Structures are given as C-alpha cells and as structure tokens.
Amino acid sequence: MSELVKRNASELVELLQSGEVTSVELTQAFLDRIEKLNPLLNSFLHVNTKEALATAAEVDRKRAAGEKLPKLAGLPIAVKDNLTTTDAPTTAGSKILEGWIPQYDATVVKLLREEMMPILGKTNLDEFAMGSSTEFSAYGPSRNPWDTDRIPGGSGGGSSSAVAGFLAPLAIGSDTGGSIRFPAAVTGTVGVKPTYGAVSRYGLIALASSLDQIGPVARNVLDAALLSDVITGYDKHDSTSLPESLGSMVEAAKSGSLKGVRVGVIKELSGEGFQPGVKALFNESLELMVKAGAEIVEVSCPSFEYAIAAYYLILPAEASSNLAKFDSVRFGMRVTPEGNPTIERVMAATREAGFGPEVKRRIILGTYALSSGYYDAYYGSAQKVRTLIQRDFAAAFEKADVLVSPTAPTTAFKFGEKLEDPLAMYLNDIATIPANLAGTPGISIPNGLASEDGLPSGIQLLAPAREDKRLYAIGAALEALQEDVWGKRMIDFAPEVKAGA
Amino acid sequence: MNYELALEKFEVVIGLEVHVELNTNTKMFCGCRNDFGDEPNTNVCPICIGLPGSLPAVNRKAVESSIAIGLALGCEIAPNGRFSRKNYFYPDLAKNFQTSQYDEPIAFEGTIDIEVPSGAVYTVDIERAHMEEDAGKLTHIGGNTGRIQGAEYSLVDYNRAGVPLVEIVTKPVFGAGAEAPELAAAYVRSIREIVKALGVSDARMERGNVRCDANVSIRPHGQEKLGTRTETKNVNSLRSIERTVRYEIQRQAHILANGGTITQETRHWHEDRGITSAGRPKSDADDYRYFPEPDLVPVQPSKELIEQIRASLPEKPADRRKRLQGEWSFSDLEFRDVVNSGFLDELEETVAKGAKPQAARKWWTGEIARLANADGKDVSDLSITPSDVAELATLVESGKINDRIGREVLQAVLEGAGNPAKIVADRGLEVVSDDGALMAAIDEALAKQPDVLEKIREGKLQAAGSVIGAVMQAMNGQADAGRVRELIIERANA
C-alpha cells in the first residue's frame, strides 16, 4: 500500500501543486485502496472510478499545460450518498432510491467539480441519515477501521470510515444532530458542522430541513478548513443560505492560539452518562488548554436537558413531510400491488417496501406530532425549547469564547449493541444536538484513546453562529498541542486494516 | 324548492374563495417558465417536480403582485409572512405537500364594495389573500367520470406545478338575501377587474386564471348559529357562479324544509345540467398537518416597497366606472346594463378605437350579448374583438352599411369570416349609395303603388313605408332606408 494515502490533504495539495505527484497517481492510489478495503469496510456504496480518473487526468493535463488551477484541483474526495450527483447513483442509503441517477448536481457537488476534485464515490449512511451507526443503511453497515466489529458512527459512517481508513483524504458529510461529529469522534477524525446556512443544502436529500447542514470530514483541522473554504458560500438556490462571507477557515486554522481564550465547560454535558475513559480524556484536553493559556469557565445550559426530546419531535415532523415525495410517481422505486391497484395503494406499497424500520418509525412519529390537536403540545413546544436553547447558548457565549464537551458519551460500540433500543441509540447525540437546534457551528477533534478500550474519543468545540473561524483557530491550536504530546497524529495510532479480516 | 320560498324561510350566507393565477414570467419557487399551455412537462425542473434535494426560492415578482392585490382590496400587508406546508398525498402534487401560506398570509383584513345589477351596493369583507403554488394538471384516461376513481390511468402535466396563485378569501357575507347569487358573481367580476387592472394576472376565467370556490350555507331567519356549508369547487364562469349559488340555496332549503341535514362537503357544478353534485366530505378538521416551511425564510416586505406598490396602484374599479360613465354620458341604467353584461373593458376599448359610446354600447349589450347568451358562452369566449366592433360601428355610422347588414356582418365575424370591413367588401354588402339606382327602384315600386305620392303630398308621410320596404327588398337590404325615404319625398314634392 502506498503511504501516499496516509498523508494529510494539505500535504497532498502541495505534492500535486509541485508536480511531485500527479492527480491520476494519487486518485489511483485511493481507488486501489478502496478496491482492497471497501469489501470489508463498506465505506462506499458506489465507486466512481472512471469519472474520478477522468477529472484527475484533466487536472494533470491542465497543470502540464501551465494553466491556472483551483487550489485543491486534483485532490480526490468522497461524497456522502445523500447529495445528488449526475454521474453516480444517489440512494441516501435507501432501497426506495436504488438506481436513481439524479438529473442535477447538488450545489456542493458543483463546487467540488469547479474545484476539479476527483469524486471517488458515494459514501454509506443510515437510511436518509436517520441513525448513529450506519446499521440502518439499506445496503449494510460500514465498519470502523479501528475495530471492524464496531460501528463507524452515523449517519455519516461511510465518510468517517473512508477518511479514517485512508480510502479518501477528505469527505463530505451532513449533520442533522451529530452525523458528522459523532462519526468523527469514534473514528479518530475531524468533523465540522458549520453554522446553519453556511453551506448550501441545495441537492442534499433533506432529513430535517431546519437542522441539516453539510460539512467537511477530514483527518485534521487544517484539512477540514481547506474543504470548508471550497464548499462554503451563499447560494441563491437555498433561501436559508447565509448571504455574508464567514471568512477563510484556512487562515483561521493557521493562526490559532489558545492564549487568553475563555473555554466554557458546559455543566450539563460534562459528567453523567459519559464513559469514564471519555471523561478522563476530556479533562486532559482541558488541562492542555489551560497550560496553553486558556481560561476555563463553567457555563450552565439548563435547557439542554430538553434538547433530545425537542429534537425527536422536530426532526420526525420535518422528515415526515420531506419524505412524502417518495411516492413512486416521478422517480425511484415503484411497487405495484396485485389486482387492480389505485394510486394510493401503489404509493403505500412502494413506501412499505422501500423504507426501512427507522424511517418508518420517524415518519409515524412526525406525522403524529404534526397532527391537528397535537401540534401545539409537540411541534409547538419543541420549537419553544429551541428558542430556550438558543438563549442558553447566547448566555453561555457571554462568558466564554467557545464551549466544550466530549463529542459523544462513549467510544464506538459494537454492531447490534443498541440496534434494538432506539432510545439508547438516540442518546449518542446528546452533546451534538443542541448546536443543530440552535443553528450554531461545532467541531469534533480527536483527543485520545480511551483507557478502557483503546478506542478514539473526541472533544467538541462549539462557537456562536457565524463564528466558525473560532472553531478552526482554537481547534487547530488544541490539535497541535495534543499531537505534541502524542508525538504523532491520532490517526497514526490506528491499527492497519486487513482486507478479508 | 322554489327560490322565493327558500328565501322566505332561510337566510343565506355565502363565502367566496377566489384563486388568481399570477402572470409572472417564472413560477412561484423556481425559474421555470410560467406557461402551462406549453407541451406537457416541458416547463419543469428538479424543484417543481419535487426531486429529492431540491429547494424552493420565492419569486420576488409574485410577492410584489400579491402585495398589489392585497392593497387593492384594502388589506393590511404582513411585515413578516411565512410559508407553510400543507401536507396531503396526491399525484398532481409533486412534493406531496403544497407550499402555501397558512397562519401568516401576506395580506389580511380588507374590504371591497360590490354593486349588484339592481344597483344595490354590498360591502364584502376580505379575510385574507395568501400566496401559494398551483398543482400539476391531471388528465384521467379511461372510465367515464373523468375523475381519478375508475380511470384506467392518469397523465400528469407538471407545467402547472408551482405556478403562483393568490387565494383571496372573504369573510362570511350576510344580508344579500335574494341577491346573494348576483353578489357572488359581481364580487368575482370585481376581483377579475382588479387583478386585470393591476396587470398581475391574465384574469381569463375560461383558462382558469381566475377560479372560484363558492361556499353557501343557509339558516332559518333569526337563528344565530351558522348553517352547515357546502363548498362548490372551481366554478369557472360568472354565470355559473350565480347559478351555483342559486342552486345551492334551493337545494339546501329543500333538504332542511324536509327535515334533512346538510352534509359538509365539497361539491361540483355541472354546467350542462345546472346542478351541483357531491364531491368528497370535508370537515373543518381535515388534517393537513400544517407547519412552517423550513426551507424558506419569512417574506419581509419593507415599508418602502409596500408604499412604492401602493403609489403605483391603478385607478380603483369603482372610480373608473364613475369616470367612464361621465365620459360617455350614459344614464345610470345604461351604464349598469354595460357593467352587468360584463362588457365594460371591451366597451372602453371599442370607444378608444373610435366608436361612439352609444353605438359601442348598443352593439355589446345588444346583439353581441344576445348571441353570446344564445350560445351559452362567456363574453371572453366570443371571437370578436373591440377593434372589430369599432370597425362595425364606424361602418354603420358612416352609412356604408345599415343596422340590419351590420348584424349580418357581426354574425359573420363571430363565425370567423374575418374583420367587418373585409366581410363587407368580400360579400358586396355595402349599401347602394348610387341615387340613380335607388331612383330606378323607387320608380319601379311607385308604378305599383301610384297613390303613394299623392298621400305624401297630403302630408301622410308614413305612406312612404310600403315603398321603402319594396325598395329595400329589391336592393337585397343593401340600401340606406333613410336615404330611400328622402328620395321618395323628393319625388313627391318634385
């Protein structure tokens, strides 16, 4: 295996720019590794070999001709399979979309193409991004490269296992309640959920429109920043996208410091229910930050207690409506029942066969929550909680520049461990959900291996809306401190994945 | 039940929902052409056919048009209006929810004065005017109802999906009594006039640019509680609206008078049979699971924009009517006749094209209205333009043709034979203005009625009538009867 694939994206960009490596060589190296390991890891649902190599060759040709190229031109990337791509099937992890090739590219995909980044393929996810483990993917779970008997997190477990397993240097994820950050934490990678509206959602198959946000999946903070600068920006096709620029995340990542930074520890997310090893690593990170000149303050966010409850009303409510379009009429699967079926029966049979159990569970929950007579008690109350959480954040950011917590209560769990217990599964997102409800940005950075199982853990940094730069600046500073302690990158501790294991 | 008896026993309450299709260049939430008459499914994109991942973006022009409608109806404009999702499954609804305004319409609380044919004026309160998107158009093939039930298969044209609509909803209208049907039609006519004057809609009812749902309920006089209402959907001409309301009043009165109860339901109007029939049951609790559309930010028109639109509003229809009546010197009766016939716009244009107002009025409210009624057609169905009528009136005015030939020419225009001047020329209908030819015919007639000249000389001018008749017959009607009379009198006095 080529060591090339293990290099950081920022280094690969330099190698490409200097001509030491061609994009075809680099892309082929990742494609080789995908060919070898994807049968085991199931990170990719579709590999775009031909198209990726064509883009790579085009970049090499232009570079050889001395043409001006975008910064990341030639650097391969993986895209979560809930973003539309005209040259690859897009399934959102669901049988109902099996074989569907979209008629249009998502805005983010268009931006990647403009940047001339070869798209390696489409990564696995829980069906319609509903899940924390990829066990709800209709195409089988992805595996965690650290321990292939364990989940890679979800919903974006395909992207996290691809990046952690060196099948791709970067990946695109989407985060509705932690689907970028949780997988990052359990695979020793970096994942960012930007401020709501920072990245266009046009072409992202919606789970919950008011919570979904696309963001980068990478092996370190600078790499995430490189990708962020490509995909961030206003899009007239997404009314909720932010018109103003949030600045360069690469510059922020390069200029980070912890000196004088007020780091707020969220009282409600710093103790109970967290795995002891995860808690210990979190405390070590705090100590490191203090040594680097940060000031730790405790903040209280009392409404976070209601975050999961509110989230599991808002998300299913919006999802039940967003998923109504999957009715067999215009695209996707069509199941025609026996006899002389009416359109209603065709729609029902298609949805019965096409949706998996978690999707059905949430559609039923959401339909109920929006029903007349229940709307105020459920959806209405949940929206009020959302406002309270935003107020908690506002108050906390009076006292602190960033807030921190462990990204997830535990390290990666084993397949099947929480499958039969939806509530236990939902609790994985306890620390990540508040940022989605408030529309604020968050990042998960690896902060060590838990003592009890030797598996990676992550620390989450949260910033006020539109202050994404803080996450990259402070995150990069913390990452540098930790790598100094470890003497290498966290990902370098990962055992080599053995094909056929 | 007999209409008069129904009104004796019951009070009528109506409510009208009018959908106005805006004539913006593009659809409500995407950049597709707003032109659903094109080849099916050509004006579509990932947004209006609801492909996964697509998102809506609000058409600014549609918002401005909606504000204009709101202001013209005297409404308040919401500084912060939201869209909601109305969730229900139907194959013409690409996303299986309609993006519409629910609890925060762009315009609310307006009023409009409506004059009915009797001259009475009623104030109709507007509850709201809100923006929404149209659905696709379904065509059901097979079966014999034309409905989805029983069809072998159905075709969907999504060209109409996402076309911007403004729905204008009245508050319940009380107190119109026997004039409720006329008021309903006059109200819709006013809405049509307003949106046409604003230039925000093509306002052609026969094309569905303006569609009306008519709610009717009745209750015994003196009863406070409103009766159960029915909603007759998509009534598409002014005449049908009037007939629908009248029919529903009688139908409901018949049921109640016989101890029955009214079912809350939607109904369909059948123009051919002049009746309504039951559609689907409708309850106030129809559960559309409305919730605010999370893919759109609120519509927040600035005060400046609202005032700018207000300042550019055209003349109000009532003011315009007052002005035109003055300009044309029509009596109240004459003018009401024009308004009620629905030819006001046409008449104004005809006058603008050079016809005298009285002549234009006589053509439109007389012969044209008669022909339209005879065919059971709406004004706008007729293939005659104000230019044609102006030309016709000018031909008669100048004496080139007479009234009778004029009517013949009109019939020919309606049959598609071309414009009046062409028809007159093609068919050689111009009156014989050659006095020599007329004199020859007069002399021939006089030879058969030798006593006529004597009678005229005695002052019995009406005696000329029989000669005129004979001459007109001889000339195939293509003579100016007035001129013939003059020539006969000349001859008598020679």
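Everything quoted here is computed from the prediction, not taken from an experiment. Numbers restart at 1 for each chain; the letters A, B, ... are given by sequence-line order, proteins then strands.
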Please name the pair of heavy atoms, one in [X] and one in [Y], separated by the smallest distance, quoted to 0.1 Å.
{"X": "B:N96", "Y": "A:A324", "answer": "ND2-O, 2.7 Å"}
{"X": "B:P294", "Y": "A:T240", "answer": "O-CG2, 3.7 Å"}
{"X": "A:S239", "Y": "B:L296", "answer": "OG-CD2, 3.5 Å"}
{"X": "A:Y202", "Y": "B:P46", "answer": "OH-CB, 4.2 Å"}

Output for pair (B:S54 OG, A:L204 CG), nearest 0.5 Å, gives 11.5 Å

When rounded to the nearest 0.5 Å, the distance separating OG of A:S371 from CZ of B:R289 is 6.5 Å

When the 4.5 angstrom heavy-atom criterion is applied to B:D295 and chain A, the contacting part is both

Bottom line for B:Y290: the part with an atom under 4.5 Å from chain A's heavy atoms is backbone

Residue from B:F97, B:Y90, B:F29 scoring the most non-hydrogen pairs under 4.5 Å with chain A is B:F97

Scored by heavy-atom pairs under 4.5 Å with chain A, the best of B:S154, B:A57, B:A94 is B:A94

Would a 4.5 Å heavy-atom cut-off, applied to side chains only, mark [X] and [Y] as touching?
{"X": "B:F89", "Y": "A:M347", "answer": "yes"}
{"X": "B:F291", "Y": "A:S320", "answer": "no"}
{"X": "A:H237", "Y": "B:L55", "answer": "no"}
{"X": "B:R85", "Y": "A:S209", "answer": "yes"}
{"X": "A:Q103", "Y": "B:C45", "answer": "no"}
{"X": "A:F326", "Y": "B:P52", "answer": "yes"}

Heavy-atom neighbours of [X] [atom1] exceed 12 at 6.0 Å:
{"X": "A:Y375", "atom1": "OH", "value": "yes"}
{"X": "A:E338", "atom1": "CD", "value": "no"}
{"X": "B:N80", "atom1": "CG", "value": "yes"}
{"X": "A:K110", "atom1": "NZ", "value": "no"}
{"X": "B:K137", "atom1": "NZ", "value": "no"}
{"X": "A:Y374", "atom1": "OH", "value": "no"}
{"X": "B:K61", "atom1": "NZ", "value": "no"}
{"X": "B:D103", "atom1": "CG", "value": "yes"}

Next on the checklist: Keeping A:K325 on the side-chain end and B:L51 on the backbone end, is there a donor-acceptor pair under 3.5 Å?
Outcome noted: yes

Quiz item: What's the verdict on side-chain contact (heavy atoms from CB on, under 4.5 Å) for A:R330 and B:V156, showing C-alpha distance, side-chain angles and the deciding distance?
Solution: CA-CA 10 Å; A:R330 295 163 311 285; B:V156 200; over 6 Å; no

So which part of [X] gets closer than 4.5 Å to some heavy atom of chain B, the side chain, the backbone, both or neither?
{"X": "A:T84", "result": "side chain"}
{"X": "A:A92", "result": "neither"}
{"X": "A:I343", "result": "side chain"}
{"X": "A:T367", "result": "both"}
{"X": "A:Y368", "result": "neither"}
{"X": "A:D212", "result": "neither"}
{"X": "A:Y104", "result": "side chain"}

Pair count under 4.5 Å, heavy atoms only, with chain B: among A:G203, A:G373, A:S210, A:P102, highest is A:G203

